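Let me begin by presenting the structure, written as structure tokens, before commenting on it.
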Amino acid sequence: MSVLRVGNASGFYGDRFSAMREMLTGGELDVLTGDYLAELTMLILGRDRLKDPEAGYARTFLRQLEECLGLARERGVRIVANAGGLNPAGLADAVRALADRLGIPVRVAHVEGDDLGAAHPGALAAHAYLGGFGIAACLRAGADVVVTGRVTDAALVTGPAAAHFGWAPTEYDRLAGAVVAGHLLECGAQATGGNYAFFQDGDVRRPGFPLAELHADGTSVITKHDGTGGFVDVGTVTAQLLYETGGARYAGPDVTARLDTVRLGQEGPDRVRVEGVRGEAPPPTLKVGLNRLGGFRNEVVFVLTGLDIEAKAALVRAQLEPALGKIADVRWELARTDRPDAATEETASALLRLVVRDADQQVVGRALSGAAIELALAGYPGFHVLAPPGKGAPYGVFEDVYVPHGAVDHVAVLHDGRRVSVAPPPAQDTRVLAPVPEPPLPQPLPPGPVRRAPLGLVAGARSGDKGGDANVGVWARTDDAWRWLAHELTADRFRELIPEARGLPVTRHQLPNLRALNFVVEGILGEGVAAQARFDPQAKALGEWLRARHLDIPESLL
């Protein structure tokens with residue numbers, strides 16, 4: 001059958017508004033997807049729905065459709081998005097109302113069954129990650145627009161691919177290929193040069209959004225519309241492939257994709273072929289994301305300027321200690337951004353950050369803000385803060401649990417109102433996850449002179465969050481650099497270079513086909529992004545910090 005061209009127009013709730021129009025007008029497409037959901041987004045939508053039971057979906061998507069629904073209809077492009085969030089039925093109704101108002105005849109379907117709030121009454125949002133076969137059922141029945149709640153990000157691609165090519169649920173290699181393509185598209189411009197370690201290799205001032213040309217055998221080509229910004233090469237695709245993954249087995253509700261089988265090849269300018277992907281039966285359970293309110297937090301950042309930075313910080317802490325005694329969680333962090341003999345006041349200053357958390361809003365609110373501001377004329381010389389502390393804001397906590405496939409009622413609600421149940425895989429068609437044996441190391445480089453230099457001169461990295469854990473994918477750009485990296489960057493060396501990881505479980509996974517290592521650091525993000533437990537709560541820049549650390553690197557690589 002023909003090639004299926006699937007594009008992406010959103011990597012998160014708040015992504016470039018014009019991307020939908022750009023993708024629809026920039027070139028040929030069959031399906032346009034949009035990923036609007038993340039762990040933090042589900043918490044935000046949950047709070048929205050507390051205020052308004054009719055809310056709970058990504059309103060940006062509706063505004064984009066108001067501009068682009070007619071254009072999509074005219075060009076024959078189907079739209080698949082998880083913008084339904086906590087209320088996919090409500091969004092489907094809103095899309096129908098919009099289409100009626102605009103006079104555009106479209107068939108709108110949605111997928112539901114992910115909401116497990118009844119089984120988790122203490123959670124603000126509890127949603128299972130569904131697969132792509134509900135989407136496929138909607139498309140096979142003729143839907144022009146399909147909206148979902150919580151599906152896996154890759155399901156936005158596996159669903160259209162299964163519908164188009166007629167794949168059965170047990171065609172694991174083909175499905176795994178689509179999962180990899182979906183993972184490469186899900187974060188939008190991250191596959192076209194955005195957030196890329198070697199961003200200076202091309203013009204990334206306004207990267208275009210990616211698309212995948214999918215084939216019936218599960219292979220694909222990752223590319224972008226001609227004339228759009230950014231670039232697509234093996235490096236940008238490798239970076240996104242490593243993003244927010246773990247070991248060689250990348251599990252999902254439809255299939256477990258073997259990342260250690262992926263082969264990438266530069267097919268031409270802005271074209272990377274993805275092939276060789278093998279798949280296995282999915283695990284017997286589904287992941288469920290739980291979001292709950294964890295309490296209240298507040299923070300204040302004191303600016304310390306000039307001399308005696310450490311002594312000034314100690315004075316603030318001593319002065320505030322009586323006001324902090326009743327608070328459950330108190331964290332101080334001194335960032336030495338100051339320089340000696342600085343030419344500007346800002347570069348002469350350090351930042352002392354105080355973050356507090358407690359179940360009682362009053363404890364972290366007025367009590368703290370009053371004590372901090374009272375120091376304005378009674379503190380260290382040069383006392384000022386970046387902003388006054390507020391009354392204390394609620395924060396969220398994310399955790400994941402797992403349930404059998406049968407615990408979820410996965411339903412495709414077709415455009416004509418019919419409800420089609422999506423059967424879970426039979427027990428014999430599932431496979432319990434197990435670690436993949438570590439592949440042999442490549443031959444080490446021969447001994448030679450070394451030079452102290454940043455790791456980033458010879459390796460790229462991309463990092464991200466999964467609940468309270470972080471992953472850091474590191475890849476080499478040449479075979480020789482891979483031979484050195486695989487031996488040098490052990491889990492212990494990682495802990496040395498990233499002191500925050502000392503004392504935490506760090507697991508290293510090898511992916512030789514990608515010349516890559518993937519590190520999973522458990523617990524470094526506390527209770528997840530919404531809890532904001534560290535300076536970089538989603539570990540977005542953890543990989544760049546690692547690249548900036550110095551090691552003894554063979555001169556032959558520099």
Side-chain angles (χ1 to χ4, degrees), residues 6-15 17 19-20 23-24 31-38 41-42 44-46 48-49 54-70 72-73 77-102 104-115 125 127-160 162-163 182 185-186 409-420 422:
V6 181
N8 171 282
S10 176
F12 68 100
Y13 190 11
D15 209 343
F17 185 86
M20 184 178 288
M23 290 300 289
L24 288 170
V31 179
L32 183 59
T33 67
D35 180 11
Y36 293 80
L37 301 184
T41 314
M42 299 299 281
I44 293 169
L45 294 176
D48 287 348
R49 205 170 190 191
E54 301 300 316
Y57 54 77
R59 296 185 182 275
T60 302
F61 175 71
L62 268 182
R63 298 204 306 272
Q64 289 173 305
L65 282 188
E66 187 158 11
E67 288 187 6
C68 299
L69 188 58
R73 174 70 175 173
V77 178
R78 291 174 160 186
I79 295 176
V80 179
N82 62 11
L86 279 62
N87 188 9
L91 178 57
D93 286 341
V95 174
R96 292 186 190 99
L98 173 66
D100 288 344
R101 178 166 61 83
L102 297 176
I104 302 170
V106 294
R107 293 164 292 193
V108 183
H110 73 275
V111 177
E112 60 184 40
D114 58 301
D115 189 347
H127 292 262
Y129 290 72
L130 302 180
F133 280 95
I135 296 170
C138 294
L139 293 172
R140 284 170 177 157
D144 302 303
V145 178
V146 181
V147 294
T148 77
R150 201 27 155 161
V151 296
T152 64
D153 300 338
L156 301 175
V157 174
T158 60
L185 295 190
E186 71 184 53
D409 188 16
H410 187 178
V411 176
V413 183
L414 308 184
H415 64 276
D416 57 9
R418 286 180 294 148
R419 299 175 64 85
V420 177
V422 178

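What you see below is based on every heavy atom in this structure, not just the backbone, and it leaves out hydrogens, waters and symmetry mates. Bear in mind that the values here come from a model prediction, so they are computed numbers and not experimental data.
- Side chains of Val147 and Tyr57 form no contact here, defined as non-hydrogen atoms less than 4.5 Å apart.
- Side-chain contact between Thr148 and Leu130 is absent, with no heavy atoms from C-beta onward closer than 4.5 Å.
- Heavy-atom minimum distance, Tyr36 versus Ala81: CE1-CB, 4.0 Å.
- Taking a cutoff of 4.0 Å between a charged side-chain nitrogen and a carboxylate oxygen, Arg419 and Asp416 do not qualify as a salt bridge.
- Under the 3.5 Å distance criterion, the side-chain polar atoms of Arg73 are left unmatched by any main-chain donor or acceptor of Val106.
- Heavy-atom minimum distance, Leu37 versus Arg150: CB-NH1, 3.8 Å.
- Using a 4.5 Å cut-off on side-chain heavy atoms (C-beta onward), Leu185 and Asp153 make no contact.
- Shortest non-hydrogen contact noted between Gly46 and Leu86 is CA-CD2, 3.5 Å.
- Looking at every heavy atom in both residues, Gly132 comes nearest to Thr158 through CA-OG1, 3.7 Å.
- Summarising the local packing, CD of Glu54 is surrounded by 12 or fewer heavy atoms from other residues, nucleotides or ligands at distances under 6.0 Å.
- A distance of 10.0 Å separates CG in Leu24 from CG in Leu69, rounded to the nearest 0.5 Å.
- When side chains are defined from C-beta on, Pro88 does not count as touching Val111, because their heavy atoms never get closer than 4.5 Å.
- Here the CG atom belonging to Leu414 is positioned 10.5 Å from the CG atom belonging to Leu139, to the nearest 0.5 angstrom.
- Taking 4.5 Å as the limit, every side-chain heavy atom of Thr33 sits out of range of all side-chain heavy atoms of Glu186.
- For the pair Arg63 and Phe61, the NZ or CZ position fails the cation-pi test of under 6.0 Å to the six-membered ring centre and within 45 degrees of the ring normal.
- The only option from Val145, Leu156, Val151 that meets the side-chain contact (heavy atoms from CB on, under 4.5 Å) definition with Val80 turns out to be Leu156.
- Not a single side chain to side chain donor-acceptor pair (under 3.5 Å) links Asn8 to another residue, sequence neighbours left out.
- Note: Asn82 CG to Ser10 OG = 8.0 Å, rounded to the nearest 0.5 Å.
- Closest heavy-atom contact between Val6 and Val157: CG1-CG2, 4.1 Å.
- In plain terms, the two heavy atoms of Ala137 and Ala412 that are nearest each other are CB-CB, 3.8 Å.
- Between Leu62 and Val95 the shortest side-chain heavy-atom distance falls below 4.5 Å.
- Leu32 CG to Met20 CE: the interatomic distance, rounded to the nearest 0.5 Å, is 6.0 Å.
- Atom-to-atom distance recorded for Arg78:CZ and Cys138:SG is 10.5 Å, nearest 0.5 angstrom.
- Expressed to the nearest 0.5 Å, how far CG of Leu98 lies from CG of Asp93 amounts to 12.5 Å.
- Checked by atom type and distance alone, the side chain of Asp144 pairs as donor or acceptor with a backbone atom of Arg107 at under 3.5 Å.
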